[in-house]
Amino acid sequence: MKRKCPKVGCRGISPPLGRTSEVEAANTAGRWFEMSEENEADTCCAFCGSAEIDDIKLKECATCDLVKYCSDACQKEHGPQHEEACKKRAAELRDELLFKQPESNHHGDCPICFIPLPHPMKYVVQTCCSKVVCYGCSYANRMRDEEAARVLSCPFCRTPVPDTDKECKRNTMKRIEANDPLSMRQEGIRQFDKGDYSSAFEYYTRAAELGEMEAHYNLSCMYRDGLGVEKDRGKEIYHLEEAAIGGHPDARFNIGCDEEDERGNIERAVRHFIISANLGDDGSIKALMKYFKEGFVSKDDLAGALRAHQAAADATKSPQREAGEEYYRIEDNSNTEDC
């Protein structure tokens with residue numbers, strides 16, 4: 001027999017009134033009633049009122065965190081009544097996630113020097129282990145191997161660097177078989193550059209499902225332009241938001257532009273540009289300066305964004321990286337894979 005939660009007002013106890021005036025008593029009773037309702041929502045099924053006991057486990061609504069249910073049947077029956085509040089709360093939760101400032105951009109740190117990787121891209125992808133290594137560490141590794149007359153090897157796993165595109169391809173496919181999302185993204189880029197948009201879309205999709213933020217961003221562009229897939233505004237925005245949540249500055253910038261151009265919501269656009277500027281995005285700083293001149297951004301907010309932008313840029317710099325960037329610039333070897 002399922003145990004029911006007692007209804008509010010039939011609990012066998014009264015609000016703690018004590019020696020108070022009628023107004024104070026009413027206020028106290030109101031607060032007690034609200035707390036009772038919140039407690040009931042946490043411990044009882046929103047449809048049938050069954051309490052959570054040993055043999056009954058409640059689960060939250062899959063979309064919001066407002067109510068719980070004891071069964072799928074109860075959730076289905078309560079759906080029409082709960083739908084409006086559920087959608088409103090789901091939108092609030094999505095915004096909380098969307099407007100949370102990421103700790104760093106989606107590239108993360110170099111696994112050798114542990115300094116944040118810069119954006120735009122100034123790094124090398126190792127096809128043997130799928131590690132993303134900054135120009136500085138890649139350059140230092142090359143210099144050491146050349147001075148010691150050794151075969152050039154990966155700075156992370158020390159595997160010899162492949163000499164041909166065929167070997168690179170074999171390494172990438174081996175990593176894809178191991179469900180490596182970065183290798184899937186890299187193969188997607190290869191297929192896209194060849195004009196095989198359908199294959200690129202498949203690789204990007206697999207990588208995005210495994211949490212690869214660059215793949216989310218690339219998918220948003222494909223849905224926007226209709227390359228390899230039909231144009232879909234909703235999916236474009238979804239993948240942009242997923243990439244932005246993961247710290248992708250370009251995705252965040254694009255969402256800010258969309259808020260202004262398509263929805264006319266400058267307040268939300270500014271919030272996105274501030275987050276992206278804090279990650280070191282130059283375009284967002286330019287947008288904020290424009291809004292400042294138009295009166296939509298305060299002097300303090302602009303100054304804060306400028307300081308955070310400079311701090312993000314400075315955090316990615318080192319003398320070794322400057323030397324590495326100069327080396328790759330001279331050698332014209334700024335491809336994304338060390339083959």
Side-chain angles (χ1 to χ4, degrees), residues 1-18 20 22-102 205-206 208-213 216 219-220 223 230 232-246 251 255 258-259 262-263 265 267-268 271-272 275:
M1 181 70 69
K2 290 186 179 181
R3 297 169 62 181
K4 302 284 186 179
C5 277
K7 299 298 181 183
V8 176
C10 301
R11 297 180 182 271
I13 58 175
S14 301
L17 301 181
T20 58
E22 291 183 3
V23 174
E24 291 173 336
N27 289 337
T28 303
R31 290 193 297 270
W32 178 85
F33 182 82
E34 289 174 0
M35 290 191 305
S36 299
E37 282 192 317
E38 291 174 0
N39 183 63
E40 184 169 296
D42 288 338
T43 59
C44 300
C45 175
F47 182 70
C48 69
S50 296
E52 185 170 40
I53 55 178
D54 292 341
D55 60 337
I56 299 176
K57 300 297 182 183
L58 301 181
K59 61 178 182 180
E60 285 188 348
C61 171
T63 307
C64 71
D65 58 359
L66 295 176
V67 294
K68 294 182 179 181
Y69 299 101
C70 65
S71 66
D72 292 337
C74 282
Q75 184 170 1
K76 184 177 180 180
E77 290 293 330
H78 192 245
Q81 180 182 345
H82 176 57
E83 183 177 7
E84 184 177 348
C86 184
K87 287 182 178 179
K88 181 180 178 181
R89 180 56 180 161
E92 292 173 353
L93 291 173
R94 183 65 172 178
D95 270 3
E96 288 177 11
L97 186 61
L98 182 60
F99 286 107
K100 183 178 179 181
Q101 177 71 52
T205 300
R206 290 176 61 188
E209 289 173 351
L210 293 172
E212 221 290 320
M213 297 305 151
H216 274 297
L219 283 172
S220 75
Y223 277 115
E230 292 184 6
D232 191 313
R233 176 74 174 161
K235 292 181 179 179
E236 174 197 346
I237 297 301
Y238 166 77
H239 286 291
L240 273 180
E241 289 184 350
E242 288 296 304
I245 290 169
I255 295 175
D258 180 77
E259 289 287 357
E262 302 298 330
R263 307 180 189 182
N265 195 327
E267 181 182 356
R268 287 175 67 91
R271 292 175 68 186
H272 283 298
I275 293 174

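- Summarising the geometry of C86 relative to T63, their closest heavy-atom pair is SG-CB, 3.5 Å, with the distance given to 0.1 Å.
- The aromatic rings of H239 and H216 lie tilted to each other, with the angle between the two planes from 30° to 60°.
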With side chain to side chain contact (heavy atoms under 4.5 Å, CB included) as the test, would you mind laying out the steps for K100 and E96 before giving the verdict? CA-CA 6 Å; K100 183 178 179 181; E96 288 177 11; over 6 Å; no
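- With contacts defined as side-chain heavy-atom distances shorter than 4.5 Å, the pair Q81/V67 does not qualify.
- Within the structure, the salt bridge (charged side-chain N to carboxylate O under 4.0 Å, His left out) test picks out the following pairs touching residues 73-84 (sequence neighbours left out): E83-K87.
- Counting only heavy atoms from C-beta outward, the side chains of E242 and L219 never approach each other to under 4.5 Å.
- Between the SG atom in C45 and the NZ atom in K68 there is a gap of 11.5 Å [rounded to 0.5 Å].
- Comment: R271 does not engage E259 in a salt bridge, judged by the lack of any side-chain N to carboxylate O separation of less than 4.0 angstrom.
- The two residues E230 and Y223 come nearest to each other via the heavy atoms O-CD2, 3.7 Å.
- Residues L97 and E241 have side chains not in contact (no heavy-atom distance under 4.5 Å, counting atoms from C-beta outward).
- Put simply, the side chain of I275 reaches to within 4.5 Å of the side chain of P102, judged on heavy atoms.
- N265 meets the side-chain hydrogen bond (donor to acceptor under 3.5 Å, both in side chains) test with no other residue; sequence neighbours excluded.
- Residue H272 holds its NE2 atom at 10.0 Å from CG of L240, rounded to the nearest 0.5 Å.
- Heavy atoms of other residues, nucleotides or ligands lying less than 6.0 angstrom from CD of Q101 number more than 12.
- Salt bridge E209/R206: absent, no basic N to carboxylate O contact under 4.0 Å.
- The structure places NZ of K59 at 13.0 Å from CD of E52, a figure rounded to the nearest 0.5 Å.
- Pairing each heavy atom of C61 with each of Y69, the nearest pair is CB-CE1, 4.2 Å.
- Looking only at side-chain heavy atoms (C-beta outward), C64 and H82 come within less than 4.5 Å of each other.
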